[in-house]
Amino acid sequence: MALPTYGTMAVDWEQRVDFDRLRRERLARAKMLLAESSMGALLCFDMNNVRYITSTHIGSWAQDKNSRFTLLPQNDEPLMWDFGSAAKHHRLHCPWLGERSQAGIPLLRGAMSPEMGRAEDVAKKIRIELEKRGLHKEPLGVDIIEPPILFALQREGITVVDGQQIMSDARVIKTQDEITLLNMSAMMVDAAYHDLYCAMKPGLRENEAVGLVSKVLYDLGSEYVEAVNAISGERCNPHPHVFSDRVLRPGDPLYYDILHSYMGYRTCYYRCFTIGYASRVMVDAYKRCRDYLDAAISLIQPGRTTAEIAAVWPKAQEFGFPDEEAAFALQFGHGIGLAIWEKPVISRLVSLEHSHVIKPGMVFALETFWPATDGWSAARIEEEIVVTETGHEVITRFPAEKLLVAGAAYVTVDGPLETTREHDGPPSARVVKMVEASAKKEGKKASKPRRAKR
């Protein structure tokens with residue numbers, strides 16, 4: 001049965017996303033793994049972990065600021081320190097937090113200089129809360145942290161350990177509502193690709209494609225368009241991972257990766273096209289890329305392993321790279337949820353020796369790459385897959401089983417121009433005879449022409 005795709009509104013006549021259940025189940029997973037650990041509490045600065053534990057959000061502007069933090073003690077409820085007035089907003093509008101939402105300002109990634117004492121203030125706040133619960137002698141797990149705050153916590157007598165893995169493990173298995181939100185997030189990109197496909201033509205710039213996609217997503221309800229990697233023409237190989245203002249031309253290969261979030265839940269969703277027509281080597285590259293992707297998807301089953309998936313992908317040396325680190329993320333799989341990259345990662349760099357068992361509730365993005373033999377064209381495709389109890393379901397639905405040609409159809413006097421052709425094709429048989437006749441007339445030997453068109 002296909003996963004449901006709901007409208008984005010709440011209604012009284014249909015059960016859609018249950019946000020109360022989402023909050024309870026996410027926090028319960030974090031509490032469960034904390035209880036199984038040797039840590040007394042978890043301190044999180046990563047906004048994705050803060051959202052997972054507290055179900056609070058203050059906008060994508062704060063994503064990289066390290067300006068918010070939450071403490072989850074053993075056998076207790078989370079405490080939240082947020083950015084100024086946001087803390088009061090949470091007290092008013094987040095009843096699941098209430099008075100446990102307080103203002104707290106750390107270093108703002110170094111914008112607050114050491115003599116201002118912000119690191120010491122954060123450390124003191126944490127030490128006081130741990131002492132209240134008799135947890136100050138227990139190890140404190142931390143996900144990400146600025147060094148001055150780490151040192152200040154140590155001066156308070158707190159033992160800091162790696163808490164990032166607990167949160168990564170908590171987020172591996174998605175709840176029912178998380179899967180629904182991931183599916184809805186992918187639905188929005190389906191729509192963006194449709195509009196993009198209709199708009200692509202010679203003269204469109206990569207940055208204009210980025211703007212078009214961003215508008216579609218925000219109009220549909222996206223809260224954050226993290227990136228639209230628009231890569232065209234000779235920029236396709238090697239993959240630069242950033243868009244430019246390059247202008248699309250007839251025959252160009254191009255691929256996009258659309259990364260956005262809906263209610264926090266991300267997409268990582270590549271599609272590949274050509275403009276007007278495709279070269280034969282590009283068609284071949286796309287088929288090879290698709291085959292590697294389909295082989296990986298076929299192995300997404302409960303009980304299979306990430307090593308089995310990595311093993312079906314080509315070695316780095318087979319497509320022009322010296323080693324797996326140099327080719328990293330070109331043949332790639334990763335969990336996806338509140339972050340683009342979550343556990344488990346699938347790559348020949350790490351997965352053959354450090355494998356994970358695939359389980360129901362995991363959600364993967366699998367992406368493959370293959371360069372064409374012309375030295376500059378390349379194909380890149382990606383699908384997102386939910387692991388079910390009996391197999392899997394692909395939630396990225398914009399067509400990709402074959403290479404799509406975008407742009408206006410060109411019509412000759414003989415009918416539509418072939419969509420598989422070369423930029424600089426071989427001469428026709430008529431032209432070959434013309435060259436040979438000219439050479440004979442001039443008493444010169446004609447050079448051997450390229451293979452003639454039929």
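Computed from a predicted structure; not experimentally measured.
Scanning all heavy atoms of the two residues, the minimum distance from Ala278 to Val283 falls at CB-CG2, 4.0 Å. Here the shortest heavy-atom pairing between Leu217 and Ala192 reads CD2-CB, 4.2 Å. Nearest approach of Leu338 to Arg51, heavy atoms of both residues: CD2-CD, 4.3 Å.
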Determine, step by step, whether Asn66 and Ile144 satisfy the side-chain contact (heavy atoms from CB on, under 4.5 Å) criterion, reporting the C-alpha distance in whole Å, the side-chain angles of both residues, the deciding distance to 0.1 Å, and the verdict.
-> CA-CA 9 Å; Asn66 284 2; Ile144 58 174; 3.7 Å; yes
Output, in order, the C-alpha distance, side-chain angles, deciding distance and verdict of side-chain contact (heavy atoms from CB on, under 4.5 Å) for Val172 and Glu342.
-> CA-CA 7 Å; Val172 165; Glu342 297 191 348; over 6 Å; no
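Taking CG of Leu352 as the start and OG of Ser347 as the end, the distance is 8.0 Å to the nearest 0.5 Å.
Side-chain N/O atoms of Asp245 and Asn207 include no donor and acceptor closer than 3.5 Å. For the residue pair His260 and Ser185, a side-chain donor N or O sits within less than 3.5 Å of a side-chain acceptor on the partner. Glu223 and Tyr262 share no donor-acceptor pair across their side chains, judged by distance under 3.5 Å alone. Side-chain atoms of Glu383 and Thr396 form a donor-acceptor pair, as typed in the model, at a separation below 3.5 Å. Of the N and O atoms on the side chains of Ser279 and Glu422, not one donor lies less than 3.5 Å from an acceptor on the other residue. For the 3.5 Å distance criterion, the side chains of Tyr269 and Asp190 qualify, holding a donor opposite an acceptor. Side chain to side chain, Asp177 and Thr180 fail the donor-acceptor criterion of an N or O pair below 3.5 Å.
Taking a 6.0 Å sphere around CD of Glu418, one finds it holds 12 or fewer heavy atoms contributed by other residues, nucleotides or ligands. The local environment of CZ in Arg246 is crowded, with over 12 non-hydrogen atoms from other residues, nucleotides or ligands closer than 6.0 Å. Around CZ of Arg249, the count of heavy atoms belonging to other residues, nucleotides or ligands within 6.0 Å does not exceed 12. Shown here is Glu14, whose CD atom has more than 12 heavy atoms of other residues, nucleotides or ligands within 6.0 Å.
The pair Arg109-Glu146 does not meet the salt-bridge criterion, since no charged nitrogen lies less than 4.0 angstrom from a carboxylate oxygen. Remark: Asp291 does not engage Arg288 in a salt bridge, criterion side-chain N to carboxylate O under 4.0 Å. For the pair Arg133 and Glu129, the salt-bridge criterion is met [side-chain N within less than 4.0 Å of a carboxylate O]. A salt bridge does not link Arg280 to Asp284: none of the charged side-chain nitrogens sits closer than 4.0 Å to a carboxylate oxygen.
A donor-acceptor pair is defined here as one N or O able to donate and one able to accept, closer than 3.5 Å; no such pair exists between the side chain of Tyr218 and the backbone of Val213. Between the side chain of Ser101 and the backbone N or O of Leu97 there is no donor-acceptor pair closer than 3.5 Å.
In this view, Phe328 and Phe332 satisfy the ring-ring contact (aromatic ring centres under 6.0 Å, His included) rule, not counting sequence neighbours.
Using the six-membered ring where Trp is involved, Phe273 and Tyr256 have ring planes that are perpendicular, over 60° apart on the 30 and 60° scheme. Using the six-membered ring where Trp is involved, His241 and His239 have ring planes that are parallel, under 30° apart on the 30 and 60° scheme.
Applying the ring-ring contact (aromatic ring centres under 6.0 Å, His included) test to residues at least two apart or on different chains, the pairs with a partner in residues 45-76 are Phe45-Phe69, Trp61-Phe83, Phe69-Trp81.
In this structure, His423 has its ring center under 6.0 Å from that of Trp376.
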Show which side-chain atoms of residues 360-370 pair as donor or acceptor with protein atoms under 3.5 Å away, not counting sequence neighbours.
{"unit_1": "Glu367", "atom_1": "OE1", "unit_2": "Arg380", "atom_2": "NH2", "d": "2.8"}
{"unit_1": "Glu367", "atom_1": "OE2", "unit_2": "His334", "atom_2": "NE2", "d": "3.0"}
{"unit_1": "Thr368", "atom_1": "OG1", "unit_2": "Cys289", "atom_2": "O", "d": "3.0"}

